[in-house]
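The structure under discussion appears below in the form of structure tokens.
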Protein chains: 2
Amino acid sequence: MSAIGFEEHDHHHCIADAMQNAEALCATNSLKFTPTRRRVLEILLDRHQAMGAYDILEVLAVEGMGSQPPVAYRALDFLVSNGLAHKIERLNAYVACSHQGEDHTPGFMICTECKTVAEVPAASVRSILGEAASQTGFRVDRAMIEAEGVCANCQEHPA
Amino acid sequence: MSAIGFEEHDHHHCIADAMQNAEALCATNSLKFTPTRRRVLEILLDRHQAMGAYDILEVLAVEGMGSQPPVAYRALDFLVSNGLAHKIERLNAYVACSHQGEDHTPGFMICTECKTVAEVPAASVRSILGEAASQTGFRVDRAMIEAEGVCANCQEHPA
DNA sequence: GACAAGTCCGTTATGTTATAACATATGCGC
DNA sequence: GCGCATATGTTATAACATAACGGACTTGTC
């Protein structure tokens, strides 16, 4: 499957695939992939869009899996810390990671029309940043890039 | 003066300089550089750090320049829209721009120890992102990069 | 100068995002 | 079964941000 979120793809397959990867990752690292955590990842994968914590919480509440903010935030923290999801700071929202397991500096393209968020490999961004940083002795621990714009689909078919 | 915020520099001079640039920019573009807006920029320049809107508001309140959130947010909106300041999404905080007037995709290095934020020229980041984007037809309108780590000074002198 | 239009400011109220703190429960090694 | 670490449920609140409205001030036009 392509890494680019704006393309058509076998959605059902990509969800199953990602869930399986997540299972494997958790098994390997002795992480507890609890029902809530699992369900939150499924929800994110299913939407294939950035979702606010309270949007996720709403879904969980309907399903009787908890209704207080910490429920959502704890699951999201787990997913983000373990590279299964990312936070889009610009939107205060969360997306499932589309490059599980790869060591990547996440780069995101956010379509302001359809709200879809595509994760792009941004390894080269990291190297450039690292270069700028090393000149001043700055040690980069985490980096992120977020771009806002309009995806090809929305350019062709304006709302 | 260097663009890199972690180096020693003539702080007083850099404030005066930036304020003068801001004056000029506003004059040129018929923007109203009102007392509140001016003061907020001064505060940001003076701290030379990322500040939350409510931190700024507190300073304004002490000085009798308004005590309600919109006062701070309106001034910040003005500064950000006109390129005189940037919002650090990661921190929900604001910094004065250190490259006034240049057409730049802002890149930030955030020291998690001392909270200093350095703005780095990131023109090349934009071009790389543009390349990745053009492959999928995505049109980039705005982009930002934020890196967290530890600055040279804090590496040498841990707290 | 009088007026209209636009912009900015003061204020109240509220919306949205996120976390602290503490009690309870669950799983796991021994 | 006991003790420890981790996860969950819950209450409360902190932190960040904006809507909406009225009044003041500026600016351009006649």
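Labels below follow one simple rule: chain letters A, B, ... track the order of the sequence lines, proteins then strands, and each chain is numbered from 1.
- For a distance-only test at 3.5 Å, the side chain of B:Tyr54 qualifies as a donor-acceptor partner of the base of D:dA17.
- Considering only side-chain atoms of A:Arg74, the nucleotide from D:dT8, C:dT11, D:dT11 that sits closest is D:dT8.
- Whole-Å rounding puts the B:Leu57 CG to C:dT11 C1' distance at 13 Å.
- For the pair A:Leu91 CG and C:dA18 P, the computed distance is 11 Å after rounding to whole Å.
- For the residue pair B:Ser98 and B:Glu119, a side-chain donor N or O sits within less than 3.5 Å of a side-chain acceptor on the partner.
- For the pair B:Asn92 and C:dT17, the criterion of a side-chain N or O lying under 4.0 Å from OP1 or OP2 is not met.
- The listed nucleotides are D:dA17, D:dT10, D:dA12; the one nearest the side chain of B:Lys87 is D:dA17.
- With rounding to whole Å, B:Ile56 atom CD1 is found 16 Å from D:dA15 atom P.
- Atom CZ of A:Phe33 and atom P of D:dT8 are 12 Å apart (whole Å).
- A:Tyr94 comes within 4.0 angstrom of the backbone, heavy atoms only, and of no base.
- Judged by distance alone, the side chain of A:Thr116 and the main-chain N or O of A:Cys111 form no donor-acceptor pair under 3.5 Å.
- Distances shorter than 4.0 Å separate none of the side-chain N or O atoms of B:Lys32 from OP1 or OP2 on D:dT27.
- Two residues, B:Asp77 and A:Leu31, neighbour DNA chain D, and the one matched to the more 5' nucleotide by heavy-atom proximity is A:Leu31.
- Which of C:dT11, C:dC8, C:dT19 sits closest to the side chain of B:Thr34 comes down to C:dC8.
- Applying the 4.0 Å criterion to OP1 and OP2 of C:dT19, one finds that A:Tyr73 has every side-chain N and O outside that range.
- In summary, A:Glu148 and B:Arg142 engage in a salt bridge, as defined by a charged side-chain N under 4.0 Å from a carboxylate O.
- Checking the phosphate oxygens (OP1, OP2) of D:dG9, no side-chain nitrogen or oxygen of A:Ser67 falls inside 4.0 Å.
- Counting to the nearest Å, the P atom of C:dC8 and the CG atom of B:Leu79 are 12 Å from each other.
- As rounded to whole Å, 11 Å separates atom P of D:dA17 from atom CD of A:Glu89.
- For the pair A:Ala93 and B:Arg37, both in contact range of DNA chain C, the more 5′-proximal nearest nucleotide belongs to B:Arg37.
- To the nearest angstrom, P of C:dT17 lies 12 Å from CD of A:Glu58.
- Under the 4.5 Å side-chain heavy-atom criterion for grouping Ile, Leu, Val, Met, Phe, Trp and Tyr, A:Met144 is not connected to A:Met51 through any hydrophobic cluster.
- Atom NZ of B:Lys87 sits about 12.0 Å away from atom CZ of B:Phe108, to the nearest 0.5 Å.
- A:Leu76 has its CG atom 10 Å from the P atom of C:dT19, to the nearest Å.
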